[in-house]
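Naming: A, B, ... by sequence-line order, numbering from 1 per chain.
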Amino acid sequence: MDSPNKLLIVDDNEDILSTFYEFFNSLGYEVKTARDGFAALKLLKNKSIFFDCLITDLVMPNISGVGLISIAKKEYPHLKIIAMTGYGGQPGALASEAKADFVFFKPVDLLKIENKVSELINQKNDKQ
Amino acid sequence: MTTTPLIGVSKSILKIKELIHHVANTCLNVLITGATGVGKEVVAQNLYAESARSTQNFVKINCAALPETLLESELYGYEKGAFTGAHKKRPGKFQTADKGVLFLDEIGDMPMALQSKMLHVLQSGEFSPLGSDQEYKTDVWVIAATNHNLEESMKQKMFREDLFYRLNIIKIDIPPLRKRKEDIPSLIEYYFRLYKSEYPDNQGTRPDSDILTKLCNYSWPGNVRQLQNCIKKQMILNSWEKIFEELTQEHPEIAPPILKENQQNGTQVYINQEFSNARTSIISEFVDLSTSSDKLFEDLSLKKIKKMASDKVEKEVIAFVLEKVGWNRSRASKILKISYKTLLYKMNEFKVLPPA
Ligand SMILES: Nc1ncnc2c1ncn2[C@@H]1O[C@H](COP(=O)(O)OP(=O)(O)OP(=O)(O)O)[C@@H](O)[C@H]1O
Ligand SMILES: [Mg+2]
């Protein structure tokens with residue numbers, strides 16, 4: 001079997017993090033979680049895991065999701081990024097401006113997100 | 001500009017240092033929040049000093065200190081003849097800060113009209129000086145700071161949400177000094193040495209461990225700036241006891257909850273009592289504290305109290321100004337920077353009447 005796809009999930013809400021973790025884990029993904037943009041950035045910089053996809057909330061302390069997306073897109077151009085937000089259009093628009101591959105608005109449908117994740121990862125693999 | 005090092009050993013300061021290190025070269029907009037004197041400007045300086053832009057300008061503008069029109073011309077500059085008095089062209093801060101850092105201090109006090117313009121500039125990366133049709137490209141790293149709670153300001157429609165989200169890409173919140181007491185000894189040591197080297201002849205001494213404990217447990221409403229001033233004063237007075245005495249008299253309205261934790265000695269309990277008296281006397285001006293707490297809490301709403309408190313102050317200020325100008329209402333309205341109509345309305349509402 002291929003090595004599992006690697007996901008990094010970032011949200012300052014503990015419940016969302018654990019729900020996402022359980023869900024994607026049960027589907028065979030290798031999942032890491034972080035509680036804010038800064039913690040996520042450290043995981044990305046630590047080269048022991050090459051993530052395929054990043055799913056991030058937007059409004060968070062220290063490094064916001066928008067900040068994380070900008071930094072990650074610059075330093076890891078192959079990383080696919082999905083943003084999700086419960087704060088309406090403004091952070092969402094900023095995430096698109098920062099070149100997130102897709103933006104979901106909360107409450108989110110896990111199955112739809114999973115579809116998007118596998119679609120984005122397949123795109124990426126096709127190109128390579 | 002000389003950069004003040006960010007002194008401190010608390011978890012929050014260490015984390016802020018690490019964050020500065022990670023974001024200094026991203027050029028992403030930064031919003032620094034925290035109470036007065038906590039070190040917002042120090043953090044801004046450190047971001048700049050660690051970035052590749054440190055060879056370029058660090059330009060600061062205080063958005064609270066200038067009236068709206070002046071602030072606008074300071075930010076964007078103007079062409080000759082843009083307004084009366086514009087005898088020659090003048091570059092704005094956006095231009096001076098090009099390729100460097102623009103530090104927007106007290107951004108929470110920026111008038112709404114200028115917030116829209118600022119948003120436009122941040123979105124497009126272009127601005128035009130007053131009286132000019134030409135759009136200039138700008139490449140500035142924007143670092144903003146405020147001691148306001150912008151979430152609250154947004155609810156009150158005093159701060160634009162879209163501008164908030166655009167600035168809040170990196171958020172650095174600096175806790176008040178009383179929440180990071182561990183930093184106090186190192187701050188004292190740093191400033192003690194600094195002032196000793198600046199004035200080698202002064203009499204100042206380091207606090208002994210007893211005083212140090214007291215200093216660490218003080219609430220520091222003015223945060224690091226206040227601590228710094230104390231150390232400076234101590235260099236002249238050479239009496240930590242006196243300094244501490246002054247401290248506890250200067251800010252009796254602040255009841256440091258920390259004191260409750262170590263009420264071993266009588267004076268502290270006494271001080272504590274005084275603090276809470278000052279508090280209740282302020283509150284009792286607006287609500288009847290003698291009623292049962294159920295009834296009291298029913299009446300108590302911050303919004304209502306805010307209105308009552310601000311009405312009370314407004315009324316006094318209006319009466320004060322009117323008396324000074326011999327009840328010339330049109331002059332008073334100009335001084336108060338409200339319309340004549342608003343003044344009449346408020347005089348009526350607050351029952352401010354000229355002496356019969
Ligand atoms: N961590 C620190 N290390 C060394 N000096 C500090 C530190 N924090 C604050 N200071 C000093 O305390 C004083 C106040 O700091 P600063 O001007 O940065 O505060 P501020 O948060 O911008 O306050 P304000 O809201 O009043 O503008 C300055 O003289 C600064 O050098
Ligand atoms: Mg300041």
Side-chain angles (χ1 to χ4, degrees), chain A residues 8 10-13 32 34-49 51 54 56-77 79 81 83-100 103-106, chain B residues 6 11-34 40 43 46-47 51-52 115-116 118-125 141-145 149-151 154-155 157 159-175 179:
Chain A
L8 175 55
V10 194
D11 202 306
D12 56 349
N13 180 322
K32 292 272 183 249
R35 255 181 260 166
D36 59 52
F38 192 16
L41 186 63
K42 286 195 228 165
L43 279 171
L44 287 173
K45 285 193 175 179
N46 166 0
K47 298 269 164 131
S48 62
I49 306 173
F51 290 99
L54 165 69
T56 181
D57 186 21
L58 292 181
V59 179
M60 295 182 294
N62 56 64
I63 299 182
S64 69
V66 177
L68 178 65
I69 295 168
S70 311
I71 298 172
K73 271 288 167 186
K74 211 190 247 159
E75 305 208 359
Y76 315 98
L79 181 68
I81 300 181
M84 47 184 190
T85 180
Y87 282 84
Q90 277 146 17
L94 290 170
S96 307
E97 207 178 291
K99 306 213 166 55
V103 181
F104 280 101
F105 292 91
K106 290 181 183 176
Chain B
L6 189 62
K11 238 172 130 180
S12 27
I13 290 295
L14 295 181
K15 181 143 189 210
I16 290 172
K17 282 189 181 185
E18 200 191 355
L19 185 60
I20 290 175
H21 186 68
H22 275 86
V23 302
N25 276 315
T26 61
C27 284
L28 293 169
N29 296 348
V30 182
L31 179 64
I32 306 170
T33 56
K40 295 185 289 295
V43 166
N46 278 269
L47 279 163
S51 77
Q115 289 179 28
S116 318
M118 178 64 67
L119 178 71
H120 171 78
V121 176
L122 296 184
Q123 266 167 348
S124 65
W141 180 19
V142 171
I143 303 178
N149 177 344
L150 292 186
E151 277 88 358
M154 287 191 291
K155 272 186 211 146
K157 306 278 175 232
F159 202 84
R160 291 185 65 117
E161 268 186 44
D162 38 16
L163 180 59
F164 170 77
Y165 287 119
R166 195 162 279 277
L167 292 170
N168 195 38
I169 307 296
I170 308 290
K171 162 79 159 279
I172 304 184
D173 183 53
I174 313 173
K179 295 219 175 123

Heavy atoms only, distances under 4.5 angstrom: which of A:Asn62, A:Leu58, A:Val59, A:Leu41 has the most pairs with chain B? Name it, please.
A:Asn62

Should we count NZ of A:Lys45 as having more than 12 external heavy atoms under 6.0 Å?
yes

Is the count of non-hydrogen atoms from other residues, nucleotides or ligands lying under 6.0 Å from A:Lys32 atom NZ greater than 12?
no

Does B:Lys155 have more than 12 heavy atoms from other residues, nucleotides or ligands lying within 6.0 Å of its NZ?
no

Rounded to the nearest 0.5 Å, what separates atom CG in A:Leu68 from atom CG in B:Leu28?
10.0 Å

Bottom line for B:Gln123: the part with an atom under 4.5 Å from chain A's heavy atoms is neither

Nearest heavy atoms of A:Phe38 and B:Lys15, plus distance in Å:
CD2-CE, 3.8 Å

B:Asn29 side, atom CG; A:Leu94 side, atom CG - distance, nearest 0.5 Å
9.5 Å

What is the minimum heavy-atom distance between A:Ser64 and B:Ile169, and which atoms define it?
OG-O, 2.7 Å

Most contact-rich option vs chain A, by heavy-atom pairs under 4.5 angstrom, among B:Leu31, B:Leu19, B:Ile170, is B:Leu19

Assess whether atom NZ of A:Lys99 is packed by more than 12 heavy atoms of other residues, nucleotides or ligands within 6.0 Å.
no

I'd like to know which of B:Val30, B:Ile172, B:Asp162, B:Val23 tops the heavy-atom pair count under 4.5 Å against chain A.
B:Asp162

